[in-house]
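Quick notes on the structure that follows.
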Amino acid sequence: MNKVRTRFAPSPTGYMHIGNLRTALYTYIIAKKNGGDFILRIEDTDQGRLVEGATEVIYQTLRECGLNWDEGPDIGGPVGPYIQSQRMGMFKKYAEDLVEKGEAYYCFCDKDRLDELKAIQEASGIMPMYDRHCRNLSPEEVKEKLDANVPYVIRQKVPLDGEVTFHDELYGDITVACSTLDDQILIKTDGMPTYNFANVVDDHLMGITHVVRGNEYLASAPKYDLLYKAFGWEIPKYIHVEHIMKDKQHKLSKRDGDASYQDLMKKGYLSEAVLNYIALLGWAPKGEQEIFTLPELIEEFDISGLSKSPAIFDPMKLKAINGEHIRRLSPEEFLSHAEPYIRQAVKREDIDIGRIASLLQPRTELFTEIPEQIDFIDALPEYDNSLYCHKKMKTNEENSLESLKDILPVLEGIEDWTEENIHNALFELIARKGVKNGIILWPLRVAVSGKSFTPGGGIELSVILGKEETIKRVKTGIEKLS
RNA sequence: GGCCCCUUGGUCAAGCGGUUAAGACGACGCCCUUUCACGGCGUAAUCAUGGGUUCGAUUCCCGUAGGGGUCACCA
């Protein structure tokens with residue numbers, strides 16, 4: 001069997017949509033799982049939709065995600081060029097081949113006639129379709145018009161009746177009647193190929209064995225099959241993947257801000273987590289494991305786990321998976337990701353960032369949520385005394401005041417401000433007073449943070465803040481409660 | 001509208017003729033705990049619908065409904 005070759009063929013129209021990225025991911029995985037090559041081809045033939053810099057975005061996204069291509073525009077390869085606009089000259093002769101074989105024909109119908117035809121068909125409720133007006137022109141008529149330089153297109157000659165059956169690895173055999181298929185244009189008036197034609201020719205020329213693409217191409221697959229057959233080419237394996245939806249009836253739209261990979265990165269997601277999540281959207285692994293690295297995905301992936309119905313994007317689940325990946329980071333990796341966010345909130349130079357990071361790691365699901373968690377470090381926020389009242393801790397304003405008064409001299413007496421020393425001193429106090437931990441520790445936490453939720457308890461926060469600042473805040477607490 | 005595809009809890013989903021119908025996220029409760037989180041345990045919640053086929057249908061077939069896709073000299 002030939003070496004597996006898959007291709008990702010995006011149009012550079014702006015940014016990397018999550019659905020596209022997932023297609024790229026599956027495409028990459030299928031190649032790698034089979035020891036094959038993953039090829040990147042840029043389909044930039046629609047000049048109108050081209051967006052400056054979009055190709056760079058594609059490169060960058062794929063690289064960040066580790067979906068490295070074996071052949072592509074920037075690195076070349078044996079079947080280049082890999083930018084479709086640079087391949088434009090080569091298609092016409094393939095179409096002319098088809099004309100010779102009787103599988104395609106010249107069509108001289110102008111736009112006016114076609115528009116009129118379409119209007120009539122629509123008005124009478126018929127599906128708009130070319131009426132095959134030029135299909136049976138005699139060779140003489142064709143030659144005459146060609147010689148007279150009448151503009152023309154080349155159309156595919158779809159069988160008038162019978163049916164076509166094509167095979168999809170996921171959906172199995174799908175059969176459609178030829179009568180529902182249009183004689184689609186292969187070569188446009190300007191001599192350039194349509195996407196549908198270029199795609200088939202390019203895939204063949206590039207030796208693509210598995211075509212992974214969005215479900216929207218399912219309807220044109222029969223026409224592609226007919227084209228492959230007309231050429232006598234081997235038909236690749238098709239894998240049509242379903243769309244990712246925003247809700248039951250809407251696709252993830254470009255406007256809501258979480259449809260693109262770039263947006264998700266800005267929101268504080270890890271690329272591994274995004275990849276992991278989108279792999280799971282529309283694909284189910286065999287076992288119970290849900291958290292995967294890219295190599296693990298390659299190992300686990302199987303086409304049979306792909307879903308045939310659209311999947312709704314669930315931000316909650318993505319977030320949970322992101323948290324899962326964050327917790328698996330080494331402390332060093334976590335710090336390097338988290339530091340910019342910590343620095344957004346903490347400007348003080350004397351603070352031990354690493355210590356904050358270790359507190360943050362188990363409770364961070366999104367890096368962008370870090371600043372608000374630690375916004376009390378540089379300056380004690382205004383807070384209400386009601387924070388001192390906690391039912392479960394059995395604390396209220398009175399006993400909190402008493403506790404803080406007890407805590408103050410204990411803290412002042414600590415020479416070496418380490419977590420261990422603070423811990424020992426306070427637990428000694430707790431033992432001496434014969435109270436529950438919370439009676440002492442809850443008021444301390446409130447006094448030093450001024451918040452109801454903090455990453456870490458009173459002792460941990462005191463270490464971070466330093467002796468001077470901690471004592472100052474405890475005194476502030478005493479004043480507020482007095 | 002024609003054609004094609006799809007339909008298991010709120011969401012992602014396992015299942016592939018006989019199951020107490022997995023698991024995860026989310027929700028709720030409990031445990032652990034100096035808050036929150038992490039971790040652990042548990043609860044609620046699903047086979048769109050009507051007909052068949054069968055001893056037996058979530059599973060196979062048909063219809064209905066709902067959803068998606070597609071019908072360009074766009075990709």
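When reading the values below, keep in mind they use all heavy atoms of this one structure, side chains included, and skip hydrogens, waters and symmetry mates. The chains referred to below are lettered A, B, ... by the order of the sequence lines, with proteins before strands, and numbering in each begins at 1.
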Closest to the side chain of A/M316, out of B/C73, B/U35, B/C25, is B/C25
Exercise. Between A/R432 and A/E428, is there a salt bridge with N-O shorter than 4.0 Å?
Worked result: no
Picking from B/A75, B/C73, B/C4, the nucleotide nearest the side-chain atoms of A/I185 would be B/C73
Testing B/U33, B/C71, B/G39 for proximity to the side chain of A/E324, the answer is B/G39
A/K118 has its side chain closest, among B/U35, B/A24, B/A72, to B/A72
> So does A/K188 get a side-chain nitrogen or oxygen closer than 4.0 Å to the phosphate oxygens (OP1/OP2) of B/A75?
Replying inline: yes
Looking only at B/C5, B/U7, B/C4, the nucleotide nearest the A/S309 side chain is B/U7
B/G39 phosphate, OP1 or OP2: any side-chain N/O from A/R327 under 4.0 angstrom? yes
Fill in: Donor-acceptor pair (no angle test) under 3.5 Å: A/T454 side chain, B/C36 base
no
Classify the angle between the aromatic ring planes of A/F166 and A/H240 as parallel (below 30°), tilted (30 to 60°) or perpendicular (above 60°). perpendicular
Pairing partner of B/C3, by Watson-Crick or G-U wobble and under 3.5 Å for both distances, is B/G69
The nucleotide from B/G68, B/C73, B/C36 with an atom nearest the side chain of A/F453 is B/C36
Checking B/C5, B/C25, B/C73 against the side chain of A/D314 (C-beta onward), the nearest is B/C25
- prompt: What about A/K392: does its side chain form a donor-acceptor pair under 3.5 Å with the base of B/U33?
  reply: yes
Against the side chain of A/M245, the closest entry in B/U34, B/C6, B/G68 is B/G68
Any strand, both distances under 3.5 Å, Watson-Crick or G-U wobble: B/G63 pairs with B/U49
From the candidates B/G68, B/U34, B/G2, the one with an atom nearest any side-chain atom of A/N437 is B/U34
Per atom distances to the A/P128 side chain, the nearest of B/A72, B/G68, B/A75 is B/A72
Does this structure show an ion pair linking A/R87 with A/D44, if we count only N-O contacts that are shorter than 4.0 Å?
no
